[in-house]
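Written out below as structure tokens is the structure these notes cover.
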Amino acid sequence: MAKIDSSTKVLGLIGDPVSGSLSPRLQNRVIDRLGLNYRYFAFPVAEGDVKEAVVGAKGLGLKGLNVTVPHKKTVAEYVDSKSRAARITGSVNTITFAEEGEIEGDNTDWKGFLKSLELHGFDPRGKRCLVFGAGGAAAGVVYGLVRRGARRIVIVNRTESKGVELARKMEGLSPGVDLDVRPLTGSDIEKRIERSDLVLNATSVGMGATEGEAIWEGKSCFRSGQLVYDLIYNPSPTEFLKLAGDGGAETIDGLDMLILQGLESLKKWTGEEFESGELVDELRRCLRA
Ligand code: NAP
């Protein structure tokens, strides 16, 4: 580990809880690998303390913060400027404290997601996609798919109105994309899954209290030639990915996206340019250990 001295720059993560987060291990490993004089810490921040945490971090001269559940929306109120992705998705996962004193809010989830698809040789351009979920993570994924030229995106969510709201945010971004919203109980979901090139779980079903459950239980709709992606990385594989794999689909868990969105944040804070692809294998091994 690199030594900590009076010029070490501080980075961190705010959320509640943060105790199980892989981000400190991930970021400090990369910081060491690149020989940077930075350290990354996890700060548990309760719901009512988000503003004080952000203002305090600026006052202490931190370089940047990642933001996780449940603060990604709230924190957007306390930044001075937002990137286009943060504005459209309504979700900030990266804060940068700029030299000039401005607090910048960005969303790197969508970039990490697209890079993970690239790594697996999948180009969303012209593809038919189905996304389960309409929360913060789904917003990043749908934004990425729209930006990368997907042909059709079906958003399937338990609360249909949230799906409609998410689709509305994407309006006008890419006139070529056909966006549709369906409730989870829709009778046509099975068929729509079958017709999709890419199927994603961006809900929290499959982890924590719902470990062992899948957002979609049927497996006859999954097929070879299809990519099925679960944003959850613990457990891995989830029940959803097991069903999809049994049906013949290629599967990806959420670890690569977690790694790649983190690397995008680190690039932003440090101004360093490095090849993410090379690091992913090493980080996967380190984080799985
Ligand atoms: P969120 O904003 O709270 O959204 C949760 C989503 O899950 C909503 O669409 C919600 O539907 C749905 N949901 C929750 N419980 C459900 C249930 N029992 N049945 C059906 N749907 C249910 O959370 P988020 O930030 O989007 O995170 C979603 C998942 O993505 C989490 O597992 C998180 O760990 C993962 N994630 C991974 C990465 C990565 O880098 N790999 C990054 C971000 C997030 P309603 O709208 O109906 O409530």
Side-chain angles (χ1 to χ4, degrees), residues 13-23 25-27 47 66-76 85-86 89-94 106-117 119-120 130-144 154-169 181-186 189 200-217 228-241 251-266 276 280 283-284 287-288:
L13 167 73
I14 58 169
D16 189 18
V18 289
S19 53
S21 172
L22 294 178
S23 294
R25 193 149 29 121
L26 161 73
Q27 297 289 5
E47 199 118 30
N66 277 136
V67 184
T68 189
V69 177
H71 305 324
K72 288 185 182 185
K73 240 187 204 150
T74 327
V75 90
T89 60
S91 175
V92 168
N93 79 331
T94 304
D106 194 6
N107 180 312
T108 62
D109 278 344
W110 70 282
K111 283 189 195 156
F113 165 66
L114 287 180
K115 289 205 165 198
S116 71
L117 287 182
L119 213 61
H120 289 266
L130 184 142
V131 178
F132 286 106
V141 159
V142 171
Y143 179 77
V154 183
I155 299 167
V156 180
N157 199 43
R158 177 178 61 178
T159 313
E160 196 180 1
S161 57
K162 290 191 190 164
V164 171
E165 176 62 15
L166 173 54
R168 200 194 50 73
K169 286 179 184 165
V181 180
R182 312 293 300 155
L184 194 51
T185 48
I189 305 301
L200 273 132
N201 176 34
T203 75
S204 45
V205 178
M207 62 180 279
T210 56
E211 184 168 340
E213 294 175 25
I215 189 70
W216 194 257
E217 300 281 352
V228 178
Y229 196 133
D230 199 328
L231 262 51
I232 296 172
Y233 49 85
N234 185 21
S236 178
T238 54
E239 191 59 25
F240 179 66
L241 289 191
T251 59
I252 314 183
D253 71 15
L255 190 62
D256 287 0
M257 173 169 161
L258 177 86
I259 293 172
L260 289 158
Q261 57 84 27
L263 295 183
E264 288 304 310
S265 300
L266 190 65
S276 309
V280 173
L283 291 169
R284 264 191 216 130
L287 298 179
R288 291 260 184 245

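Here, residue 1 is the first one in the sequence, and each next residue gets the next number. Remember, it's 1-based here, ligands and their atoms both numbered in the order they're listed.
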Region of I215 engaging ligand 1 - heavy atom pairs below 4.0 Å: side chain
Identity and separation of the nearest protein heavy atom to atom 26 (O) of ligand 1: A137 N, 2.8 Å
Atom 4 (O) of ligand 1 - nearest protein heavy atom and its distance: G135 CA, 3.5 Å
K162: numbered ligand 1 atoms lying under 4.0 Å from its heavy atoms: 46 (O), 48 (O)
Non-hydrogen side-chain atoms of L241 and V228 separated by less than 4.5 Å: yes
Any protein heavy atom nearer than 4.0 Å to atom 23 (O) of ligand 1: no
Full working for side chain to side chain donor-acceptor pair (under 3.5 Å) between D253 and T238: CA-CA 8 Å; D253 71 15; T238 54; over 6 Å; no
Modelled atom types, side-chain donor and acceptor of N201 and T203, under 3.5 Å: yes
More than 12 heavy atoms of other groups within 6.0 Å of K169 NZ: yes
Those atoms of ligand 1 less than 4.0 Å from some heavy atom in I232: 32 (O)
Minimum heavy-atom distance W216-L184, with the two atoms named: CZ3-O, 3.7 Å
Closest protein heavy atom (residue, atom, distance) for atom 28 (C) of ligand 1: A202 O, 3.4 Å
Any donor-acceptor N/O pair, Q261 side chain to F113 backbone, under 3.5 Å: no
I189 side chain reached by F132 side chain, heavy atoms, under 4.5 Å: yes
Minimum non-hydrogen distance to atom 17 (C) of ligand 1, winning option of M207, R158, K72: R158
Heavy-atom pair with the smallest gap, counting every atom of N234 and M207: O-CB, 3.7 Å
Under-4.0 Å heavy-atom contact with ligand 1, by part of T203 that carries it: both
Closest protein heavy atom (residue, atom, distance) for atom 47 (O) of ligand 1: T159 OG1, 2.5 Å
Subset of ligand 1 atoms that lie under 4.0 Å from at least one heavy atom of G254: 39 (C), 41 (N)
Any N or O of A134 closer than 3.5 Å to N or O of ligand 1: yes
Nearest neighbour in protein (non-hydrogen) for atom 2 (O) of ligand 1: G136 N, 3.1 Å
Distance from atom 42 (C) of ligand 1 to nearest protein heavy atom, with residue and atom: M257 CE, 3.9 Å
Atom indices of ligand 1 within 4.0 angstrom of G133 heavy atoms, with elements: 9 (O)
Short side-chain to backbone donor-acceptor contact, N107 and S91, under 3.5 Å: yes
Residue, atom name and distance, where the atom is the protein heavy atom closest to atom 14 (C) of ligand 1: S204 OG, 3.4 Å
Sub-4.0 Å protein heavy atom next to atom 40 (O) of ligand 1: yes
Pair E165 + K162, salt bridge at N-O below 4.0 Å: no
Closest non-hydrogen atom pair, N66 against S265: ND2-OG, 3.1 Å
Atom 46 (O) of ligand 1: nearest protein contact (heavy atom, Å): N157 ND2, 2.8 Å
